[in-house]
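For reference, the structure discussed in these notes is given below.
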Number of protein chains: 2
Amino acid sequence: MPPKASTTPDPEARPPGRTVRITDVAAAAGVSAITVSRALNTPDRLTKATLRRVLSAVDRLGYVPNLMAGALASRRSRMIVAIVPTIATPMYADALQAFTNAMSQAGYHVVLGLGGFDRREEEQLIITLLGRQPDGLLLVGSAQSAEAKKRLAEAGIPTVEIWGDASPRADLQVGFSHAGVGEAVANHLCDRGYRSFGIVSSDDIRAMERLDGFRRTVERRGGRLAVQRLMAPPSTIMEGRRSLAPLLRALPEGGAVFCSSDLLAAGLLIEAGASGVAIPAELAICGFGDLEIGQAMKPALTTVSVDGAEMGQLAARCMTDRLAGNPIPRRIIVPVEIIQRETT
Amino acid sequence: MPPKASTTPDPEARPPGRTVRITDVAAAAGVSAITVSRALNTPDRLTKATLRRVLSAVDRLGYVPNLMAGALASRRSRMIVAIVPTIATPMYADALQAFTNAMSQAGYHVVLGLGGFDRREEEQLIITLLGRQPDGLLLVGSAQSAEAKKRLAEAGIPTVEIWGDASPRADLQVGFSHAGVGEAVANHLCDRGYRSFGIVSSDDIRAMERLDGFRRTVERRGGRLAVQRLMAPPSTIMEGRRSLAPLLRALPEGGAVFCSSDLLAAGLLIEAGASGVAIPAELAICGFGDLEIGQAMKPALTTVSVDGAEMGQLAARCMTDRLAGNPIPRRIIVPVEIIQRETT
DNA sequence: GATTTTGATGGTAGCGTTACCATATAATCT
DNA sequence: AGATTATATGGTAACGCTACCATCAAAATC
């Protein structure tokens, strides 16, 4: 069985086990390596015929470009680093999910950095993550340590901050004023006639900002802040349940509570249901976050709606525009809405 | 103001705006580039003195190693790609969070691939993600498209699958038998005396496997499956609420429902509370997932506990062991436990 | 028809790091 | 003391790709 034409070596023969490289594709397609590169990155710069030839070779050989080599050569990694405190919180998770999807659409990959709550670790994480040469950075909440901030600034890459406070730290911001939310809730509750107030909140920075706005407004409008329960994040339903009794004790004539999370508010509602406390007659409740649970409770929870997914999407748009060199606003304020349901 | 010693050029002077490279550090420390590399990667192979000298230069210059270049040269990217259907589900989010944290501890970064539910897109995503040259792969649930599976296999890198069914597709598995869960729940309910059953479930693959196990066991034990509500993922509390009425209609003499998610079960409980249906007297409920909401409901939800975070951690351990070349079991079964609370 | 312009393709030289081997020095042995 | 081994460091050549400039053919202009 003689080989058909063993004189010319098969251009597609490679030592087995070796990965397919761009030069293999080039050889198979009868073009140069750079042409293969162009076929994949800037296809309109090639003739239809060569393009087809190259793509067919790519397909035939199952070529997967080594993006690290490409990144090194082009100095564009097409990676975005996202630094998120945690994704165990639905709102952050939604934002990250939307962001990742949108960036992926635009040809970017997202590297996940979970900052957690330890500053030292966060700092270390940020530094090594910067070593990945990301083209952009997403900060969910702002970086905590000063050293980390310095490094981020020095890196000189587009940085979008979402969920942050209003401080002008980051390059680009997509967010809202937390203090403004507290203020709006206070006004809303005062308008509905409540005079005595309580707070159930986790003590993270952004929640505290909302509380400050709430407190100030309540005082300005002559209301009385009777009780305040602060706890370490993450907020849980159980903590909410446990909070009802002390709240009722502090607010014997009734009043309204502002919770830093719908989870806490839902806990209040569950406990109220179990112990026959009438909501909102004996206690009005306003949550924060507009999670599904609030909407699904009976009575349905009045809350503040912040669309995490929307923020993620906007951040992605912001990022891609910026990477493409388009001019973009330095700050985008997403609408925050009080959703009046049955608990106030 | 004459410069102090302009004859010898300052070894730390660089054109401004240029990033610090390994050679800059080498020059500043008076060693070769490779020594700097060793100082960072294999510090025990250097003298204490040189190590100190190099690290001090690293510090002084604020050197951040370019991990892409390192990866290209060493053929180890220290990146893991995680392919997750969605992180908008608490259980996947927990698993991913735990995995990412653990891998980060071990010096790996995690690139996030959200597969979603579109096969074509998932496939494309997997291919480009493989171009990043990950050292390992985490699959949450198994890859859907055949082409994607082929590519994954060809990539020849350690692949850990969590949350999968029991099929021996992946390289390494951390999971449990979904059918076994259904069976256990059925047995549990039959043992407690229930004879008529209902199902409220999303129709994703793994939930369906649990249902199959449940159904088979119910039939084997002479029970009757009276009603079955299937819906598209994701499962929501609201869907649960809407399911109560039809369930009660189909189970007028009472019975027990198996829900594919605690969220659905919680909806049932909320609706029952709102309409005065006694649980479990008029209807017994068993959930799945052991989310916080189930534990916090009143009455507290009987459910199946699967620790997502534990799976993520185990997967990470598995991965790092494998990457280090340690022998590891091909399959790890995590315990699944029925938590008997107040709804059955 | 000669010249300019445009567009398609290729050659070469890095991108910043680490693997591999070579070399020099110090430590250990007979 | 001389030979051997272990340890510390360096030089050079990749890793696989794209930027940059050069080249060449074809199309458009005068």
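Naming convention: chains lettered A, B, ... in sequence-line order (proteins, then strands); numbering from 1 in each chain.
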What I'd like to find out is whether the side chain of B:Arg53 reaches to under 4.5 Å of the side chain of B:Val31, using heavy atoms alone. yes

When we call it a touch if two heavy atoms are under 4.0 Å apart, what does B:Arg45 touch: a base, just sugar-phosphate, or nothing? sugar-phosphate

Please tell me if the side chains of A:Val64 and B:Arg151 come closer than 4.5 Å, counting only heavy atoms from C-beta onward. yes

Phosphate oxygens OP1/OP2 of D:dG16: is one of them under 4.0 Å from a side-chain N or O of A:Tyr63? no

Could one point to a donor on the side chain of A:Arg75 or the base of C:dG14 with an acceptor on the other under 3.5 Å away? no

Taking only N and O in the side chain of A:Thr47, is any of them less than 4.0 Å away from OP1 or OP2 of C:dG7? no

Please state whether the phosphate of C:dC15, meaning OP1 or OP2, lies under 4.0 angstrom from any side-chain nitrogen or oxygen of B:Asn66. no

B:Arg76 side chain N/O closer than 4.0 Å to the phosphate oxygens (OP1, OP2) of D:dC15? no

How long is the gap from CG on A:Leu96 to CG on B:Leu112, to the nearest 0.5 Å? 6.0 Å

Should A:Ser32 be listed as having a side-chain N or O under 4.0 Å from OP1 or OP2 of C:dT9? no

Please tell me if B:Thr35 has a side-chain N or O lying less than 4.0 Å from either OP1 or OP2 of D:dT9. no

Which residue lies toward the 5' end of DNA chain D, A:Ala69 or B:Val31, if each is placed at its nearest nucleotide? B:Val31

With a cut-off of less than 4.0 Å, is there a side-chain N or O of A:Ser74 near OP1 or OP2 of D:dC17? no

Could you check B:Ala73 against B:Leu51 and say which one's nearest nucleotide on DNA chain D is further toward the 5' end? B:Leu51

On the nucleotide D:dA8, are OP1 or OP2 found under 4.0 Å from the side-chain N or O atoms that B:Thr50 carries? no

